[in-house]
Visitor: 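Mind having a look at this structure? Questions to follow.
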Amino acid sequence: MATARERPLDLEHWSLLGGAAGLLALLVLGMGTPRNWWTRNLELSFRTYSAAGLQEGMAVKISGFPVGRVQRIRLLNDAQVHVTLEIAASREPMVGRRSRATVAQDGLLNRPYIAISPDLTDLGYRDPLSSGDSLIFETSPDIATLIKEVASSRVPLQQMLTRAAGLVERRVPRSLDQLDRTLGSGERLANLLEREVSQGSGALQGRVTRATDKLDTTLTTLQSTLVEIQSLARSSNTLLQGIRRSWLIQLLEPAGSPGSTTPIKPAAQSPGAAAQPATGCPAGAPCRD
């Protein structure tokens, strides 16, 4: 009976132990997954003279994408702050010798994070960083410092704006008046020039018209003169031809002179003789004595 009672107790004991172990394993797995306990990480570090805005566990981002977290922050003997970062090993090719670490913040209410600039020069041909290597840290401007600088520059800015307003108030009305006068002078000059051009063009047009009329009259007179000359030439030609054919000119020319011709008078024939050929001569043939 005692042995039978001990067996259920042992089973319950081992069942409780197994359940507790399973819960513990699930708890460890749940805690290690967001902290990258089960993946290989790249451990990098940097040094700074101020730990303001830094805290353990804050996110590490590359191009705004989370790739790791801040593992540890230590104060060194030389008053510098040593910050250790854990970055996923899969993002190791993005981090090189030219990468820079800085504290960044998206907006005024969001939490700050460590931003690492990627180094993609000679990708695949450079020596990758290994665990323990250091990055160069660049301090970002503090909001309080920026507010102080803005406050200190407000007074000179206000003075400059006041001077600019006074200068505009003094100079702009005078400049506008001068511009108005200049525009008025330009308008008057344009009107005067337009009138002069109109008058000059009218006078020139009148002169051209008169000259054209004179030229037309001259051309008409010349045309009539040419017609008269042509008629006179024809009359002179007719007169010369008539004088040359005159019998008085033939009588005045010496006989036998070159170019002179003795007129041959035809013999008077009876009308019947001219119509009939001589006896014994064939018609149309010369007769022989």
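We number each residue from 1, following the sequence as shown.
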Visitor: Between the side chain of Ser99 and the main-chain N/O of Val95, is any donor-acceptor distance below 3.5 Å?
Guide: no
Visitor: Do Val168 and Leu176 sit in the same hydrophobic cluster, where Ile, Leu, Val, Met, Phe, Trp and Tyr count as joined when their side-chain heavy atoms come under 4.5 Å apart?
Guide: yes
Visitor: Go through Arg72 and Glu56 one step at a time and tell me if the side chain to side chain contact (heavy atoms under 4.5 Å, CB included) criterion holds.
Guide: CA-CA 6 Å; Arg72 187 171 60 257; Glu56 295 181 358; 4.2 Å; yes
Visitor: Would you say Arg100's side chain and Arg98's backbone share a donor-acceptor pair under 3.5 angstrom?
Guide: yes
Visitor: Hey, are the side chains of Arg111 and Gln105 touching, using non-hydrogen atoms and a 4.5 Å cut-off?
Guide: no
Visitor: Which pairs would a plain distance check flag for residues 73-83, meaning a side-chain donor or acceptor within less than 3.5 Å of a matching protein atom at least two apart in sequence or in another chain?
Guide:
from	atom 1	to	atom 2	distance (Å)
Asp78	OD1	Gln80	N	3.3
Gln80	NE2	Tyr49	OH	3.1

Visitor: Nearest 0.5 angstrom please: Glu194 CD to Leu192 CG, how far?
Guide: 10.5 Å
Visitor: Do Ser236 and Leu232 touch side chain to side chain, with heavy atoms closer than 4.5 Å?
Guide: yes
Visitor: Using side-chain heavy atoms (C-beta onward) and a distance below 4.5 Å, is Met58 in contact with Pro112?
Guide: yes
Visitor: With no hydrogens and no angle check, is any side-chain donor or acceptor of Asn237 less than 3.5 Å from a backbone partner on Ala233?
Guide: no
Visitor: Taking the side chain as every heavy atom from C-beta outward, state whether Arg195 and Asn191 have any atom pair closer than 4.5 Å.
Guide: yes
Visitor: Can you find a pair of side-chain heavy atoms, one from Glu43 and one from Thr84, that are under 4.5 Å apart?
Guide: yes
Visitor: Measure the spacing between CG of Leu44 and CD of Glu92 and express it to the nearest 0.5 Å.
Guide: 8.5 Å
Visitor: Would you give the length of the straight line joining atom CG of Leu183 to atom CZ of Arg188, rounded to the nearest 0.5 angstrom?
Guide: 10.5 Å
Visitor: For the hydrophobic clusters of this structure (ILVMFWY residues joined by side-chain heavy atoms under 4.5 Å, transitively), does one cluster hold both Val103 and Phe65?
Guide: yes
Visitor: Looking at Asp119 and Arg97, would you say the former's side chain and the latter's main chain have a donor-acceptor pair under 3.5 Å?
Guide: yes
Visitor: Check whether Leu222 and Leu215 end up in the same hydrophobic cluster, where Ile, Leu, Val, Met, Phe, Trp and Tyr are linked by side-chain heavy atoms less than 4.5 Å apart.
Guide: no
Visitor: Answer whether the closest heavy-atom distance between the side chains of Ile229 and Thr225 falls below 4.5 Å.
Guide: yes
Visitor: Say you draw a straight line from OG of Ser45 to CD of Glu86; how long is it, rounded to the nearest 0.5 Å?
Guide: 12.0 Å
Visitor: Ignoring hydrogens and angles, tell me if any N or O in the side chain of Thr102 forms a donor-acceptor pair with the backbone of Glu138 under 3.5 Å.
Guide: yes
Visitor: If two hydrophobic side chains count as joined below 4.5 Å and joins carry through other members, does Phe137 share a cluster with Tyr113?
Guide: no
Visitor: Looking at CG of Leu226 and CG of Leu219, how far apart are the two atoms once the value is rounded to the nearest 0.5 Å?
Guide: 10.5 Å
Visitor: Should we say atom CD of Gln223 is surrounded by more than 12 heavy atoms from elsewhere, each under 6.0 Å from it?
Guide: no
Visitor: Would you compute the distance between atom CG of Leu135 and atom CD1 of Ile114 and round it to the nearest 0.5 angstrom?
Guide: 10.5 Å
Visitor: Go through the steps for Leu85 and Ile116 under the test side chain to side chain contact (heavy atoms under 4.5 Å, CB included), then give the verdict.
Guide: CA-CA 11 Å; Leu85 310 177; Ile116 297 178; 4.1 Å; yes
Visitor: Do Thr48 and Leu54 touch side chain to side chain, with heavy atoms closer than 4.5 Å?
Guide: yes
Visitor: For the backbone of Ala52 and the side chain of Ser50, can you confirm whether one donor and one acceptor N or O come within less than 3.5 Å of each other?
Guide: yes
